[in-house]
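Each ligand, and each atom within it, is numbered from 1 in the order the structure gives. FYI, the numbering just counts along the sequence from 1. Atom set for the values below is all heavy atoms of this structure, side chains included, hydrogens, waters and symmetry mates excluded.
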Amino acid sequence: MIIGVTGGIASGKSTVAHAFAARGVPFVDADDVAREVVEPGEPALAEIAAHFGPRVLRDDGQLDRRALRAIVFAEPDQRRWLESVTHPRIRERIQHHLARLQADGAPYVLLVSPLLFESGQWRLTDRTLVVDVPEAMQIRRTAARDDIDTAQAQAIVAAQMSRDERLARADDVIDNSGPHDAMLEQVARLDQQYRQGES
Ligand code: ADP
């Protein structure tokens, strides 16, 4: 069984994933995979460099993410092109990592992705788990963790899928607005449910 874990910025996806991992349930982080597929030597990076030219490469041959972000932010067609190159490879690599963890004997596995619903990655999963906190708390935790001001954190939250929509699409929800221990209790309960293969 594959559980898709998502939530808005600073909702606690990573914290929850580590709580499952401490109970012997491994996870694949979609953000890590997105970085993996554009590492030097990867075909996607070669295609991107051929398409956009050396302005998207740093001196050490790594992708210049900031330069690429600036280009695709201004040009939606280019963003679509970039996604047509990266998304299939990200999906393929996620499936590869998940399959390996399952073959290694994991009771079940997690796919942690901030864009689980938006990217269609939820289709790779059997159930979805949303980590939920009120927006005001999300903004506070984002500002504190990433050392940005409240207005910047607010803008990031406003640009994401709404809390209501995310909750409407969730099979399961962890309320992470309380203390750490309260989150751990919910993880323990869901872990028991998932191990029994309950849906
Ligand atoms: P995400 O992966 O969803 O962006 P994180 O797991 O990084 O979110 O959590 C965001 C921030 O909030 C981190 O600094 C984390 O330590 C903190 N945090 C997570 N859960 C709690 C909690 N229950 N109480 C207080 N702080 C929390």
When only distance counts, is Ala10 in polar contact with ligand 1, meaning an N/O pair under 3.5 Å? yes

Are Ile156 and Ile148 packed together at the side-chain level, in the sense that at least one heavy-atom pair is separated by less than 4.5 angstrom? yes

Need the ligand 1 atom indices (1-based, order shown) with element for anything under 4.0 Å from a heavy-atom of Arg141. 12 (O), 20 (N), 21 (C), 22 (C), 23 (N), 24 (N), 25 (C), 26 (N), 27 (C)

Side chain Asp171, main chain Thr128, donor-acceptor under 3.5 Å: yes

Quick check for you: to the nearest 0.5 Å, what is the distance between Gln121 atom CD and Ile2 atom CD1? 12.0 Å

Within a distance under 4.0 Å of any heavy atom of Gly178, pick out the atoms of ligand 1 and give their elements. 22 (C), 23 (N), 24 (N)

With a 4.0 Å cut-off on heavy atoms, does Gly8 reach ligand 1? yes

Which residue holds the protein heavy atom closest to atom 8 (O) of ligand 1, what is that atom called, and what is the gap in Å? Gly12 N, 3.1 Å

Any heavy-atom pair between the side chains of Ser11 and Arg166 that's under 4.5 Å? no

Which residue supplies the protein heavy atom nearest to atom 2 (O) of ligand 1, what is that atom called, and how far is it? Ser14 N, 2.9 Å

Is any side-chain heavy atom of Arg163 closer than 4.5 Å to one of Pro134? yes

Give me the residue, atom name and distance of the protein heavy atom closest to atom 16 (O) of ligand 1. Thr15 OG1, 4.4 Å

Could you tell me whether Arg145 approaches ligand 1 through its side chain, its backbone, both or neither, with non-hydrogen atoms closer than 4.0 Å? side chain

Among Asp175, Val133, Val112, Asn176, closest by any non-hydrogen atom to atom 23 (N) of ligand 1: Asn176

Sub-3.5 Å donor-acceptor pair from the side chain of Arg195 to the main-chain atoms of Pro107, do we have one? no

Could you list all the ring-ring contact (aromatic ring centres under 6.0 Å, His included) pairs where at least one residue sits in residues 156-191, not counting sequence neighbours? none

Test ring pair (Phe, Tyr, Trp, His ring centres under 6.0 Å) applied to Phe20 - qualifying residues, sequence neighbours left out: none

Closer than 4.0 angstrom: is that true for some heavy atom of Ser11 and an atom of ligand 1? yes

Any atom of ligand 1 sitting under 4.0 Å from a heavy atom of Pro114? no

